[in-house]
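To find a chain, count down the sequence lines: A is the first, B the second, and so on, and within it residues start at 1. Because only heavy atoms are used, hydrogens play no part in the values below, and waters and symmetry mates are left out as well, while side chains stay in.
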Amino acid sequence: MFALVDVNNMYVSCERVFRPSLVGRPVVVLSNNDGCAIARSNEAKDLGIKMAQPWFQIRHLQRQAGLVALSANFELYGDMSSRMMSLVGEYAPRQEVYSIDECFLDFDGVHGSLAAIGGDMRAKVLQWTGLPTSVGFGPTKTLAKLANHVAKTEDRKPGTYARPIAQVCDFGAMAPEELSRVMQLTDVGDVWGVGRKSSARLKGQGIQTVLDLVRADIATLRSQFNVVMEKTVLELRGTSCLDVDDAPAANQQIMCSRSFGAAVTNLQELIEVVSQFASRVAEKARDQRSVAGAVHVFVSTSPFRQNDRQHSPSGTLPLGRPSADTRVLIAAAVRLLAALYRPGFNYVKAGVMLVELQADDQVQGELDLFSGMDAAAEPSAPRDPSKLMGALDALNQRFGKGAVTVASAMRQEPANSNNSAGGAVQSRQEWRSPRYTTRLAEIPAVRT
DNA sequence: TCTGGGGTCCTAGGACCC
DNA sequence: TCTGGGGTCCTAGGACCC
């Protein structure tokens, strides 16, 4: 039996832990540039705010409906997440952390009432972290996901399923006819793995509900869609195709990209920001002990600025030898950028991606053809990049992000503020809360 | 004025091989 | 006029997830 545990409205719930006055009010958390709503409280959902809806379309609700907007505080959410995950992980032999706010648990071989265990989990996470969670159990991951969805829906809109569903929803303990009824009352698009496109196509064929999908002909679906759809249907029927993955492999790609606070046309500013991104992906690569075989860079104008000429080039540069050295990756990224850049365009976004990643201890060796030859002919490759980069990471760990950085990732001209990363490229973040749990200086004060 | 930032997997089609 | 029959590998693009 599998469980899916997730935090209700994760980012908003994290904020409410430290600002209880936000409980009961419509709250949204905004994306990096205060651009869109990426998390919504139930009250905000009730106002009709959609996921990823642009802020300028809903800002009037501040006055009209008392909507509160907060800038994303990922440092806080990440820390709250690891607290929640470690608590929940105690309950089952295997745990797969699936995203920042949810995990699968494998309860194979665990005895006792799952509903009781689930209730205990929720109570403990709530008491120890302040975060509200939902729990779903099912004989497959897809069913556990669905059970979780059902529990959450019932919590938010009681009566949806005619007969009440417990706060912890266990499909394993449900009579078959009751499970069918629940499936009949659930939209096919709510199934894990059925996205917008597939949902529309399925509905075009008369498959509206989860029950319709379960009863559809699997061979036909396989030929019309793909193996993913086939597995989804098998899982909904109780045949487990997906296992809990408690030792996920290292990422195959590492990306850092961002929209700018304002459009940028100047190459020098782009070089700075691309250098910062390259520096960040280099850190991430070293963190998972990988080296990259190639660097990919893109910049783009805004499709929303209809009067602007559009230009969104991208390119990939293979590295002679795989590397996670910040200097090597910045140099490659900047070279690419210079080749992609055209003057006169309003760029609003850029990104750096590392691809062809491999484990840093499995890099193919090289025959040193230069040894004994003209030393000046050899490219000035770093002698022992790992040592220097290790020191860099240690310093930044101890003294805070950005304490030591490569010069090209810094502002080239005196910044007009005391923030070294200022300028047009700087993200807007008007309403970010303190990083209560990860910075001593921002720890909440308790009055006595 | 103002529109997120990460990732994964699958498939089709082209290049290339013998 | 008539033009084989297998394979593999790579890439771009699409769909999906949160």
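- Dashed line: the shortest gap from a side-chain N or O of A/N251 to OP1 or OP2 of B/dT8 is under 4.0 Å.
- Residue contacts for A/D101: at a heavy-atom cut-off of 4.0 Å it reaches the sugar-phosphate backbone alone, with no base atom in range.
- For A/F304, counting side-chain heavy atoms from C-beta on, the closest listed nucleotide (C/dA15, C/dC18, B/dT3) is B/dT3.
- Following rounding to the nearest Å, A/N226 (CG) and C/dA15 (P) show an atom-to-atom distance of 11 Å.
- Going from atom NE2 of A/H60 over to atom C1' of B/dT1 covers 17 Å, rounded to whole Å.
- Closest contact between the side chain of A/E102 and the listed nucleotides B/dG7, B/dC2, C/dC18 involves C/dC18.
- No engagement by A/V29 is indicated, since no non-hydrogen atom pair under 4.0 Å with the nucleic acid exists.
- Within a 6.0 Å sphere centred on CG of A/N266, other residues, nucleotides and ligands contribute more than 12 heavy atoms.
- For the OP1/OP2 pair of B/dT3 and a distance below 4.0 Å, the side-chain nitrogens and oxygens of A/K349 include no atom meeting the criterion.
- Checking C/dC18, B/dG5, B/dG6 against the side-chain heavy atoms of A/N32 singles out B/dG5 as nearest.
- Closest to the A/S31 side chain, of the nucleotides B/dT11, B/dG4, B/dT8, is B/dG4.
- The residue among A/M353 and A/R59 whose nearest nucleotide of DNA chain B is located toward the 5' end is A/R59.
- Of all heavy-atom pairs between A/C169 and A/V150, the closest is SG-CG1, 4.1 Å.
- In terms of heavy atoms, A/P26 sits closest to A/L47 at CB-CD1, 3.7 Å.
- With rounding to whole Å, A/I38 atom CD1 is found 9 Å from B/dG5 atom P.
- Note on A/D46 versus A/R156: salt bridge recorded, some NZ/NE/NH1/NH2 to OD/OE distance being below 4.0 Å.
- Closest approach of A/V182 to A/T186, counting heavy atoms only: O-OG1, 2.7 Å.
- In this structure, A/I254 reaches the sugar-phosphate backbone alone: every heavy-atom distance under 4.0 Å involves primed, P, OP1 or OP2 atoms, never a base.
- Salt bridge status for A/K124 with A/E90: absent, with no side-chain N to carboxylate O gap under 4.0 Å.
- Relative to the side chain of A/W192, the nucleotides B/dC10, C/dC18, B/dG4 differ in distance, and C/dC18 lies closest.
- For A/Q224 and B/dA12, the CD to P distance is 14 Å, given to the nearest whole Å.
- Picking from C/dC18, B/dT8, B/dC10 the nucleotide with the shortest atom distance to the side chain of A/Q252 gives B/dT8.
- Distance, A/D245 CG to B/dC9 P: 10 Å, rounded to whole Å.
- The NZ-C1' distance, from A/K50 to B/dT3, rounds to 17 Å in whole Å.
- Between A/K141 atom NZ and C/dC17 atom P the separation is 14 Å, expressed in whole Å.
- Minimum atom distance to the side chain of A/S257 is reached by B/dG6, of the listed B/dG6, C/dC16, B/dT11.
- When the nucleotides C/dC18, B/dG4, B/dG7 are ranked by their closest atom to the side chain of A/K145, C/dC18 comes out on top.
- The side chain of A/R305 contributes no N or O atom lying less than 4.0 Å from OP1 or OP2 of B/dT1.
- Between A/D34 and A/R59 there is no salt bridge, since none of the side-chain N atoms of the basic residue sits less than 4.0 Å from a carboxylate O of the acidic one.
- Residue contacts shown for A/R428 are absent, as no nucleic acid heavy atom lies under 4.0 Å away.
- When Watson-Crick and G-U wobble pairs are counted only if both distances are under 3.5 Å, B/dG5 pairs with C/dC18.
- In this structure, A/N346 atom CG and B/dC2 atom P are separated by 10 Å, rounded to whole Å.
- The side chain of A/S259 sits closest to B/dG5 out of B/dG7, C/dC18, B/dG5.
- Minimum atom distance to the side chain of A/K197 is reached by C/dC16, of the listed B/dG5, C/dC16, C/dC18.
- Along DNA chain B, the nucleotide nearest A/S302 and the nucleotide nearest A/V228 are compared for position; the residue whose nucleotide lies closer to the 5' end is A/S302.
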